[in-house]
Engineer: 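Sharing a structure, written as structure tokens. Questions coming.
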There are 2 protein chains.
Amino acid sequence: MRRRVAGVGAGVEMHMARRATIDDARLLEKLGCVFRECGYEGASLAVLAKAAGLQKASLYHRFPGGKEQMAREVLAAAEALIARDILMPLKSKAPPAERVDILVRQLNGFYSAGRQACLLNMLSAAPTQEGPFAKEIKRAFAAIIAALAVALRDAGFDARSARVRSERAVMLLQGSLVLCRGMGTTRPFRDFLKRLPQELLAGRA
Amino acid sequence: MRRRVAGVGAGVEMHMARRATIDDARLLEKLGCVFRECGYEGASLAVLAKAAGLQKASLYHRFPGGKEQMAREVLAAAEALIARDILMPLKSKAPPAERVDILVRQLNGFYSAGRQACLLNMLSAAPTQEGPFAKEIKRAFAAIIAALAVALRDAGFDARSARVRSERAVMLLQGSLVLCRGMGTTRPFRDFLKRLPQELLAGRA
DNA sequence: GTCTATAGGAAGATAGAC
DNA sequence: GTCTATCTTCCTATAGAC
């Protein structure tokens with residue numbers, strides 16, 4: 001449907017690209033929800049289109065590469081969001097305890113208090129199958145672990161302890177989300193968040 | 001193809017049910033591998049049939065309920081295996097440290113040293129979608145956590161600590177497997193197993 | 001940029017011979 | 001019990017009007 005802007009001379013907007021009914025950021029967010037809920041195989045074009053409020057053909061117009069491109073861009077957007085809201089605070093100059101508090105808040109929002117699964121888990125394929133996103137997923141995990149380790153080194157841990165602790169924290173995060181899905185409750189994630197500061201910083205030098 | 005047994009009178013075996021080319025246990029194991037690798041949606045009948053060494057129609061003969069029945073029976077078999085090889089040892093009369101050692105060995109075999117994902121994770125659906133196996137998965141998680149807690153109570157922990165620790169161990173297990181898939185290495189799982197005895201028993205009363 | 005309509009193929013599932 | 005052949009439905013993807 002063609003839209004007209006009141007007061008604007010007819011014909012002017014016809015030479016401009018028509019406005020999308022949903023902007024890219026919002027679209028990627030809607031698609032991301034589907035991929036996080038259903039995984040890559042489970043996310044059919046029909047479901048994706050319904051979530052976006054668009055027809056399948058409209059999705060193909062905006063993602064000529066089809067479902068794979070959608071997932072790829074969703075993943076890239078998630079990486080950017082993680083970099084800004086999680087990695088950057090972790091590597092800031094603030095006191096480590098404060099960085100961890102920020103981390104807790106950001107994680108809580110990022111995973112909707114345990115109601116949303118992790119994209120990295122849902123888009124992972126078996127190593128033997130070498131999924132289309134293996135490189136991005138590996139990079140994202142490595143970046144999170146590295147940023148956490150930076151904060152822990154700043155908190156006084158040696159390089160090895162910092163790395164072990166940050167890996168363990170990521171395991172607990174992922175495991176808590178798996179448990180939330182499996183048990184049908186957000187409690188494991190909430191408990192994880194409550195204990196995370198202790199888990200990271202207790203016993204520091 | 002009809003098989004003849006040398007030395008047996010012709011016609012005798014014709015009245016008996018023809019032998020399956022793959023017995024139920026082996027079949028469920030093959031199908032289980034596919035579900036663990038690909039998840040429920042990703043496990044197509046074509047892939048399942050190829051893994052089983054059968055045609056699709058043969059699978060339907062043995063699982064009239066189709067793919068859902070296959071996954072359900074695979075899950076039930078896994079539950080039985082867990083009960084026998086993991087829960088029972090955890091609830092035995094042996095010293096807690098010894099039970100944990102057995103646990104480590106069994107987990108290592110069960111997950112092929114980190115090469116195989118967890119069926120409970122791969123068959124989980126979002127709580128909002130109420131997947132077909134929600135009840136079984138929840139029950140399996142609860143059973144593992146409860147059995148671990150029994151061993152920890154016997155090790156001297158109070159009920160609450162035992163529960164917290166056992167839940168955390170399951171989170172670490174699941175998280176390590178997620179990380180293995182995501183990073184394309186079995187190291188997180190192997191590290192998890194190495195640290196598991198400490199993780200469970202350190203600081204006991 | 002979005003839509004309706006449809007092509008082309010893979011998916012789950014069944015029929016019937018052997 | 002297993003097979004080949006087939007059915008139907010769903011899925012990914014494209015064509016073309018507006």
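Every chain is numbered from 1, with letters handed out A, B, ... down the list of sequences. All values below were derived from every heavy atom in this structure, side-chain atoms included, with hydrogens, water molecules and symmetry-related copies excluded.
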Engineer: Please pick, from D:dG1, D:dC3, D:dC11, the nucleotide with the shortest atom-to-atom distance to any side-chain atom of B:Ala57.
Structural biologist: D:dC3

Engineer: CE of A:Met70 versus P of D:dC11: gap in Å, rounded?
Structural biologist: 14 Å

Engineer: Return the value, rounded to whole Å, for the distance between atom NZ of A:Lys50 and atom C1' of D:dC11.
Structural biologist: 16 Å

Engineer: Counting neighbours of CD on A:Glu29 that are heavy atoms of other residues, nucleotides or ligands and sit closer than 6.0 Å, is the number greater than 12?
Structural biologist: no

Engineer: Any donor and acceptor pair, going by atom type alone, linking the side chain of B:Ser44 with main-chain N or O of B:Val47 inside 3.5 Å?
Structural biologist: yes

Engineer: Would you indicate what B:Ser58 reaches in the nucleic acid, counting non-hydrogen atoms under 4.0 angstrom: base, sugar-phosphate, or nothing?
Structural biologist: base

Engineer: Within the distance-only criterion (no hydrogens, no angle test), does the side chain of A:Arg99 pair as donor or acceptor with the backbone N or O of A:Ser92 below 3.5 angstrom?
Structural biologist: yes

Engineer: Separation of A:Leu48 atom CG from D:dC10 atom P, in whole Å?
Structural biologist: 17 Å

Engineer: Is it the case that the side chain of A:Arg165 and the backbone of A:Arg160 share a donor-acceptor pair, with hydrogens and angles ignored and the cut-off at 3.5 Å?
Structural biologist: no

Engineer: Taking atom P of C:dT2 as reference, at what distance in whole Å does atom NE2 of A:His61 sit?
Structural biologist: 7 Å

Engineer: Which nucleotide wins on minimum distance to the side chain of B:Gln55, given the candidates C:dG1, D:dC3, D:dG1?
Structural biologist: D:dC3

Engineer: Rounding to an integer number of Å, can you tell me how far B:Leu45 CG sits from C:dT14 P?
Structural biologist: 11 Å

Engineer: How many Å lie between NZ on B:Lys67 and C1' on D:dC10, as a whole number?
Structural biologist: 12 Å

Engineer: Select base, sugar-phosphate, or nothing to describe what B:Ala43 touches, counting heavy atoms under 4.0 Å on all strands.
Structural biologist: sugar-phosphate

Engineer: Can you tell me how far P of D:dA13 sits from CG of A:Leu54, to the nearest Å?
Structural biologist: 17 Å

Engineer: By nearest nucleotide on DNA chain D, pick out whichever of A:Ser44 and B:Gly53 is the more 5' one.
Structural biologist: B:Gly53

Engineer: Please give, in whole Å, the distance from D:dC3 P to B:Arg62 CZ?
Structural biologist: 10 Å

Engineer: When you get a sec, tell me which of D:dC3, C:dG12, D:dA13 is the closest nucleotide to the side chain of B:Tyr60?
Structural biologist: C:dG12

Engineer: Please examine the side chains of A:Tyr111 and A:Thr186, heavy atoms only from C-beta on, and report whether any two atoms are closer than 4.5 Å.
Structural biologist: no

Engineer: Taking for each residue the nucleotide of DNA chain D with the nearest heavy atom, is it A:Glu68 or B:Ile22 whose nucleotide lies nearer the 5' end?
Structural biologist: B:Ile22

Engineer: Considering only side-chain heavy atoms of A:Lys56, which listed nucleotide, C:dA13, D:dA13, D:dC3, is closest?
Structural biologist: D:dA13

